[in-house]
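As structure tokens, the structure follows; a few thoughts come after it.
In this text the structure is predicted, and so the values were computed from the model without any measurement.
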Amino acid sequence: TIARPPSRPITINPTVKAIKEQNKMIALPLYLSLYVTALLPFIESSTAAAFIASTTTTTATSSNRIRQSQQQFSSVSIKPAPTVLFGKNKYANDDNKKSQEELLRDLEVSFDYEGRISSKSSEEPTGDDDATSLSAPHRCALLTIIGKPNMGKSTLLNALLSDNLAIATSRPQTTRHAILGVMTTDHCQLCITDTPGIIDSPAYRLQEGMMDTVQGAVKDADVFLVVTDVYSGIVREAKNDEDEEEDDGLDIGEELLMKLRKPGRPVIVCVNKVDLVAEDKNDKTSVYTNTPTQAVQTIQKWRSVLPDAFAIIPTCAANGPEDPGVVALRTMLLANDPSMDVGRAIRGLGRPVVGMFAGDENAGGMISEEKVREILPIGPPLYHPDFFTDRTDRFCSSEIIRETLFEQLKKEMPYCCEVRVETFDESKRYVDEDDDNDEGSSKNFTKRKAVIRIGATILVERETQKGIVVGKGGAMIKEVGIDARKKLQDFLGVKIVLDLRVKVEKNWRNNEDKLKKYGYM
């Protein structure tokens, strides 16, 4: 929020003020003279002549006074009033300009009202981190995760947040919406947006809406996090896996590469799924002890395509929040917090790989903590410290049910399905386990448990698809309901009563009105 400069009262030169007053004196007699002239046929000639003579004399006298005032006014030199901005001359020397940190602190003091989120720039340092607090102002950034489908973007988001916010399956194009997750510390805030996988040629309006979501997230981003895998840049032939061809676009398209190459917004590349090329399949962390050759080649390919990328980190998001690659990435993004040890996290990746960091040819594969802190721009937090996501429990419930459909159904069936939560009754979500009855007896009581009742509808496009989702004798929909109920109970932390129904919505993926209703456009 930028403060407005205080309004300055407008001062008028006394000579100018006198001229305006004398103009009024001239105007009134002239108006009266014209008025009397119009009434001449109806009044006596002697009276009219006397009034016109007096008016003419007054007008002449006023005109002489105006000429004298104009001569005096022309001899006066008027100096422009100084322009004041934030208490200092706007045209002062550059040496007097305030730094960005000083402006943030001044604004923090100027704007103080109930419910305002502190920018943490004006807080007095306390404890052992006094020097760090003074030298490290608060930082905040919008980070957008982008990449092709089935690269592990949602899995990486969950690993960074240490929570299962976004659904993730082994099927491509599972994510259809932009999912926001927020990490907040005392010194920085990171707002991460997970996006749908990039599709080169959308087949229907639903995919076009998904690509519009990606474009919007890319436009608003302060930092880019490109997620790929160890096989990116290689196109394998179906009949002969030994023949390989280079893909100059590295699977993300030339248009997006042009945006990533533009300066001003840092780019970090995550080479995910490095465990797929590990020599020891039983040891998931062995890839960091000795980086596989395939992973090293992929890092070097991305470095040649994006020479200015800040970092290219090997990760295995499926291992969870404690994976060394995920830990290194999280530490780098939150490096402004004094509790983060960037050097230790990078050393956890094993032997340094040339090309992992920008300009590391002469640094032995390492990077300074000062440069790492500059990834996030300086700024106040955008959300409250307790804020986690902009998605409601109702939305997350529909996503969990859709995730179960992707896991249970085969082939193309899940892509034809949409889940709409019709009812979400949480009136009994917060109740005591034991509540006495109305009589207050200690012996007679009813045991009540917290419960949420959810009614959801699964939309399909054809009647034949409805039969597949329901299954023979309702076996498939029952299996989906059991698995979805377990996931919902783990996510919401209470007992779930789930009611699933299947409905046909013909060609809903190409119906723009329905897609707007479902939040895709």
Q | Residue pair Leu382 / Phe387, side-chain heavy-atom distance below 4.5 Å | A | no
Q: Can you sort out the partners of Asn158 under side chain to side chain donor-acceptor pair (under 3.5 Å), two or more places apart, ordered by chain and number?
A: none
Q) So do Tyr288 and Asp323 actually touch side chain to side chain, heavy atoms under 4.5 Å? A) yes
(Q) Show me the pairs that pass ring pair (Phe, Tyr, Trp, His ring centres under 6.0 Å) and involve residues 402-427, at least two apart or across chains. (A) Phe406-Tyr415
Q: List the atom of Leu515, the atom of Arg509, and the distance in Å for their closest heavy-atom pair.
A: CD1-O, 3.5 Å
(Q) With heavy-atom distances below 4.5 Å as the criterion, would you say the side chains of Val226 and Leu260 are in contact? (A) yes
(Q) For Arg171, is the CZ atom crowded, meaning more than 12 foreign heavy atoms sit under 6.0 Å from it? (A) yes
Q | Sub-4.5 Å side-chain heavy-atom contact between Leu180 and Cys191 | A | yes
Q: Identify the heavy atoms of Leu349 and Pro314 that sit nearest to each other, and give their distance.
A: CD2-O, 4.2 Å
(Q) Looking at every non-hydrogen atom in both residues, tell me the closest pair between Glu369 and Asp341 and how far apart they are. (A) OE2-OD1, 4.3 Å
Q: Mark yes or no for whether Glu479, through its side chain, and Ala475, through its backbone, hold a donor-acceptor pair below 3.5 Å.
A: no
Q: Could you check Cys417 against Leu409 for side chain to side chain contact (heavy atoms under 4.5 Å, CB included), going step by step and ending with a plain yes or no?
A: CA-CA 10 Å; Cys417 298; Leu409 301 178; 4.2 Å; yes
Q | Residue pair Val214 / Ile198: nearest heavy atoms and the distance that separates them | A | CG1-CG1, 4.4 Å
Q.
Taking the side chain as everything from C-beta on, heavy atoms only, tell me whether Val451 gets closer than 4.5 Å to Val494.
A. no
Q) Any donor-acceptor pair under 3.5 Å linking the side chain of Arg501 with the backbone of Gly455? A) no
Q.
Has Trp302 got a side-chain atom pairing as donor or acceptor with Val271's backbone, closer than 3.5 angstrom?
A. no
Q: Tell me, yes or no, whether the heavy-atom count around Glu422 atom CD, taken from other residues, nucleotides or ligands under 6.0 Å, exceeds 12.
A: yes
(Q) Suppose we screen for side chain to side chain donor-acceptor pair (under 3.5 Å). Which residues come up paired with Glu208, at least two apart in sequence or across chains? (A) Arg205
**Q.** Non-neighbouring partners of Arg429 that pass side chain to side chain donor-acceptor pair (under 3.5 Å), sequence neighbours left out
**A.** Asp393, Glu426
Q.
For the backbone of Ala166 and the side chain of Glu399, can you confirm whether one donor and one acceptor N or O come within less than 3.5 Å of each other?
A. no
Q.
Within the supplied structure, the quantity of interest is the number of heavy atoms (other residues, nucleotides, ligands) at a distance under 6.0 Å from Arg394 CZ; does it exceed 12?
A. yes
(Q) Regarding Arg485 and Asp490, does a basic nitrogen lie under 4.0 Å from an acidic carboxylate oxygen? (A) no
Q. Side chains of Pro381 and His138: does their closest heavy-atom pair fall under 4.5 Å?
A. yes
Q. So Glu407 and Thr169, side chain to side chain donor-acceptor pair (under 3.5 Å) or not? Walk me through it.
A. CA-CA 7 Å; Glu407 296 172 349; Thr169 69; over 6 Å; no
Q. Looking only at heavy atoms, what is the nearest atom pair of Met211 and Gly197, with distance?
A. CE-O, 3.0 Å
Q. Going through the distances and angles, do Leu142 and Thr193 end up as a side chain to side chain contact (heavy atoms under 4.5 Å, CB included)?
A. CA-CA 8 Å; Leu142 299 174; Thr193 302; 5.9 Å; no
Q) Are Lys506 and Arg462 side-chain neighbours, meaning at least one heavy-atom pair lies under 4.5 Å? A) no
Q) Excluding sequence neighbours, so at least two apart, what forms side chain to side chain donor-acceptor pair (under 3.5 Å) with Asp483? A) Gln408
Q. Quick one: ring-ring contact (aromatic ring centres under 6.0 Å, His included) partners of Tyr520, sequence neighbours excluded?
A. His177
Q | Asn272 side chain to Met151 backbone, donor-acceptor under 3.5 Å | A | yes
Q: Return yes when atom NZ of Lys487 has more than 12 non-hydrogen atoms of other residues, nucleotides or ligands closer than 6.0 Å, and no otherwise.
A: yes
Q | N/O donor-acceptor pair under 3.5 Å between Arg402 side chain and Ser397 backbone | A | no
(Q) Restricting to non-hydrogen atoms, name the atom on Ile313 and the atom on Gly325 that form the minimum distance, rounded to 0.1 Å. (A) CG2-O, 4.0 Å
**Q.** pair Glu505-Val460: side-chain heavy atoms closer than 4.5 Å
**A.** no
